[in-house]
K.L.:
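Pasting a structure below so you can have a look.
So you know, we letter chains A, B, ... as the sequences are listed, proteins then strands, and number each from 1.
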Amino acid sequence: MTKNKLLIYLFLIMTLLALRASAQTTDSLLNSLDSSKKYNKVESTFKATHIVLSHSTETQKKHDLDLRIRHHFGDIGGEFGSAHTLYGLDVATDLFIGLDYGVSDKLTIGIGRSKHDELFDLYIKQKLIQQKKDSGMPFNLTFLAQIGLVARAPFATTEFANYSDRITYLIQPILSRKFSSRISLQVMPSYLLRSVSADQNDPENIFSIGFAGRVKLTKRLSFVADYTMVSGLSRPNNLTVPLYNPLGVGLEIETGGHIFSLNFMNSEYITENNFIANTKKSWTEGGVRFGFTISRNFSLFKSKNKDPNTKSTIY
Amino acid sequence: MISINKNKFILLVLVCLTCIYNVNAQTFISRNVKINIFSSTPVEDIKAASNGGNAVLITSTQEIAVQLAIKSLSFDKKLMQEHFNENYMESDKYPLAKFKGNFEPKIDWSKDGEYTVAAKGILSVHGIDQPRTITGKIAIKNGMITLNSNFDVACAAHKIKIPSLVFTKIAEVIKINIQATLTSLK
């Protein structure tokens, strides 16, 4: 009895095995061949290398050159704003032209020049950690080092007594995570090294922490914001000229190779070496201003691509 | 303890193994299907290519299935590739494009030869299934099966939206070429 049962049982198992083999149809075979898991990089945490004021964790693609033009207008309200300056549009507190170039997909170098202080800046930005799906790397880490040189003539004979007084250094590790296709958040502690400060209570070397985020409204339109906390950390509140923490909000519109950002911020200045330390305007006293960024990306060395299967042509 | 009738058992195993062997002998696969996509407008020609497609062919049922990890498609401009995955194909949401169908007419897979065939089935791109009949050529030689097919995919049919700003740069209908060499699954 038991022997028969066992045989039937065995027979069933074997039939099942055989059936399974024959049922190993296209679907299960394709599943076993599926290679899409290999492509587990979480890409485009942010659309651009910058958010509103601050850098993002994104770097340029290899051999891509980004021409970036930025503009900060004058105060919308308060003493310097209102209808007399067309709500700040008559004034340019800062202008910026910069070029960012991708040496590799992970290493970007950039140069730029700001109107304020005739500041020249040079930076290197290296992506160290790439966020990945499934395999347990939950965030991106990019390291930024930026040097700024004030090129303007001194306002007083005592200013820039040493040439090194013109130079500032920014060191900033940037951590970000794409939580979903819509939401990305970022934290960036930074250390700004200066030789001089305007106020004796204001330390030369400033530690700050920035927070930034993106909410994608549509595929090509995002709401972006960043805030840098300086006062309340290494900077005391008893300064003769009060300084404020920079906050910027904006809409970012991507159209293929271009990115347009329409921003509002209290910071007059564009480059970190300026705005982290010297934001004198406040959101609460009409010190907010309109600003925009135009970014145009150029792919260089396309002629190096000899593969006819991937060669694109613009007529 | 229960003793097992060894002869019967061996017989069964043999029967089943033959089954499995038979099935496998009728299955052909490829792990490096070449897939090229081509968009042409008067303003810009865009091409992308992948060598990473997969194909499965079951000769007994004439069933064919081809799939491609969208992110394996490589572009000249990497920013364009990122936009392709992020804005158009939504590759994180829909990582695969797939065709599954049956060849017509009936082919004698054991003989060398060349055939012009049509595969009737479902094409799934961007999460949208479309019934399609895709034509192509099959060449059988020395136990290897080569497939070659050109067909079109209309972006609108798969709900791939092209914004008016880049309308002149991206074709409404994308040309696809597939080349696969399948070998017997051992």
K.L.:
Mind ranking D76(B), V43(B), V56(B), I70(B) by heavy-atom pairs under 4.5 Å with chain A and telling me who comes out on top?
P.N.:
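Winner by heavy-atom pair count: D76(B).
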K.L.:
I'd like to know if the side chain of E82(B) reaches the main chain of E43(A), judged simply by a donor and an acceptor atom lying under 3.5 Å from each other, with no hydrogens or angles considered.
P.N.:
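Checking the backbone N and O of E43(A) against the side chain of E82(B), no donor-acceptor pair under 3.5 Å is found.
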K.L.:
Evaluate E86(B) against K216(A) for side chain to side chain contact (heavy atoms under 4.5 Å, CB included), listing each step before the verdict.
P.N.:
CA-CA 12 Å; E86(B) 181 87 1; K216(A) 245 173 138 180; 3.0 Å; yes
K.L.:
Need one label for L96(B): side chain, backbone, both or neither, based on atoms under 4.5 Å from any heavy atom in chain A.
P.N.:
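When you check distances to chain A, only side chain atoms of L96(B) fall under 4.5 Å.
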K.L.:
Quick one: which of S72(B), P95(B), S60(B) has the most heavy-atom pairs under 4.5 Å with chain A, could you say?
P.N.:
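Heavy-atom pairs under 4.5 Å are most numerous for S72(B).
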K.L.:
Supply the atom-to-atom distance H63(A) NE2 to K78(B) NZ, rounded to the nearest 0.5 angstrom.
P.N.:
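H63(A) NE2 to K78(B) NZ: 11.5 Å, rounded to 0.5 Å.
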K.L.:
Take a 6.0 Å sphere around NZ of K133(A) and say whether it holds more than 12 heavy atoms from other residues, nucleotides or ligands.
P.N.:
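Enclosed: over 12 neighbouring heavy atoms sit under 6.0 Å from NZ of K133(A).
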K.L.:
Is chain A contacted by the side chain of K98(B), its backbone, both, or neither, given a heavy-atom distance below 4.5 Å?
P.N.:
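Just the side chain, heavy atoms under 4.5 Å.
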K.L.:
For the atom pair CD (Q81(B)) and OG1 (T310(A)), what is the distance rounded to the nearest 0.5 Å?
P.N.:
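Answer rounded to 0.5 Å: 9.5 Å.
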K.L.:
Near R31(B) CZ, under 6.0 Å, is it more than 12 heavy atoms from other residues, nucleotides or ligands?
P.N.:
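Check fails, neighbour count at 12 or below.
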K.L.:
With a 4.5 angstrom heavy-atom cut-off, is it the side chain or the backbone of S30(B) that approaches chain A, or both, or neither?
P.N.:
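Just its backbone gets close to chain A.
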K.L.:
Which residues in residues 173-188 of chain A have any heavy atom lying under 4.5 Å from a heavy atom of chain B?
P.N.:
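Hits under 4.5 Å: K178(A).
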K.L.:
Keeping to residues at least two apart or across chains, list the salt bridge (charged side-chain N to carboxylate O under 4.0 Å, His left out) pairs with something in residues 40-54 of chain B.
P.N.:
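Output for this query lists E44(B)-K77(B).
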K.L.:
Heavy-atom distance under 4.5 Å to chain A: side chain of N54(B), backbone, both or neither?
P.N.:
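Both parts, backbone and side chain.
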K.L.:
Can you tell me if K34(B) has over 12 outside heavy atoms packed within less than 6.0 Å of its NZ?
P.N.:
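Not buried by this count: 12 neighbours or fewer within 6.0 Å.
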K.L.:
Where does K219(A) contact chain B at under 4.5 Å (heavy atoms): side chain, backbone, both or neither?
P.N.:
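Contact with chain B is through both the backbone and side chain of K219(A).
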K.L.:
If you count heavy atoms of other groups shown closer than 6.0 angstrom to NZ of K111(B), is the number above 12?
P.N.:
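Atom NZ in K111(B) is not packed in, count stays at 12 or less.
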K.L.:
Which pair of non-hydrogen atoms, one from A49(B) and one from N309(A), has the smallest distance, and what is that distance?
P.N.:
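Heavy atoms of A49(B) and N309(A) come nearest at CB-CB, 3.7 Å.
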K.L.:
With a 4.5 angstrom heavy-atom cut-off, could you sort out which part of K38(A) is near chain B: side chain, backbone, both or neither?
P.N.:
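Neither part.
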K.L.:
Given that the side chain runs from C-beta out, which part of S91(B) has a heavy atom under 4.5 Å from chain A: side chain, backbone, both or neither?
P.N.:
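Contact with chain A is absent: no heavy atom of S91(B) under 4.5 Å.
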K.L.:
Given heavy-atom pairs under 4.5 angstrom as the criterion, report whether the side chain, backbone, both or neither of I29(B) touches chain A.
P.N.:
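Contact with chain A: side chain only.
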K.L.:
Does any backbone or side-chain atom of S44(A) lie under 4.5 Å from a heavy atom of chain B? Answer side chain, backbone, both or neither.
P.N.:
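Both the backbone and the side chain of S44(A) come within 4.5 Å of chain B.
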K.L.:
Check each atom of K100(B) against the heavy atoms of chain A and say whether the ones under 4.5 Å are side chain, backbone, both or neither.
P.N.:
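Side chain only.
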K.L.:
In terms of heavy-atom pairs under 4.5 Å, which option from K93(B), K71(B), K161(B) contacts chain A the most?
P.N.:
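Option with the top pair count is K71(B).
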K.L.:
Which atom pair, heavy atoms only, marks the closest approach of K47(A) to N87(B)?
P.N.:
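For K47(A) and N87(B), the tightest heavy-atom pair comes out as NZ-OD1, 3.0 Å.
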K.L.:
Look up atom OG in S74(B) and atom CG in D307(A), then write down how far apart they are to the nearest 0.5 Å.
P.N.:
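The CG atom of D307(A) is 7.5 Å from OG of S74(B), to the nearest 0.5 Å.
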K.L.:
By a 4.5 Å heavy-atom criterion (distance strictly below it), what part of E90(B) contacts chain A: side chain, backbone, both, or neither?
P.N.:
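Side chain of E90(B) only, per the 4.5 Å heavy-atom cut-off to chain A.
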K.L.:
With a 4.5 angstrom heavy-atom cut-off, which part of D34(A) approaches chain B: side chain, backbone, both or neither?
P.N.:
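Interface part for D34(A): both.
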K.L.:
Might you point out which heavy atoms bring L30(A) and V66(B) nearest each other, and give the distance in Å?
P.N.:
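Distance-wise, the nearest heavy atoms are CD1-N, 4.5 Å.
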K.L.:
Using non-hydrogen atoms and a 4.5 Å limit, figure out which bit of Q60(A) sits close to chain B: side chain, backbone, both or neither.
P.N.:
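No part of Q60(A) comes within 4.5 Å of chain B.
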K.L.:
Nearest 0.5 Å please: distance from the NZ atom of K41(A) over to the CG atom of D92(B).
P.N.:
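The NZ atom of K41(A) sits 13.0 Å away from the CG atom of D92(B).
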K.L.:
I'd like to know whether CD of Q130(B) has more than 12 heavy-atom contacts from other residues, nucleotides or ligands below 6.0 angstrom.
P.N.:
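It does: Q130(B) CD has more than 12 such atoms within range.
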K.L.:
Please determine whether the number of non-hydrogen atoms from other residues, nucleotides or ligands lying under 6.0 Å from atom CD1 of I124(A) exceeds 12.
P.N.:
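Check fails, neighbour count at 12 or below.
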K.L.:
With a cut-off of 6.0 Å (strictly less than), are more than 12 heavy atoms of other residues, nucleotides or ligands near CG of L122(A)?
P.N.:
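Counting other residues, nucleotides and ligands, CG of L122(A) exceeds 12 neighbours.
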K.L.:
Using heavy-atom distances under 4.5 Å, tell me whether N297(A) contacts chain B through its side chain, its backbone, both, or neither.
P.N.:
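When you check distances to chain B, only side chain atoms of N297(A) fall under 4.5 Å.
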K.L.:
Give, for atom CG of L73(B) and atom OH of Y39(A), the distance between the pair rounded to the nearest 0.5 Å.
P.N.:
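L73(B) CG to Y39(A) OH: 8.5 Å, rounded to 0.5 Å.
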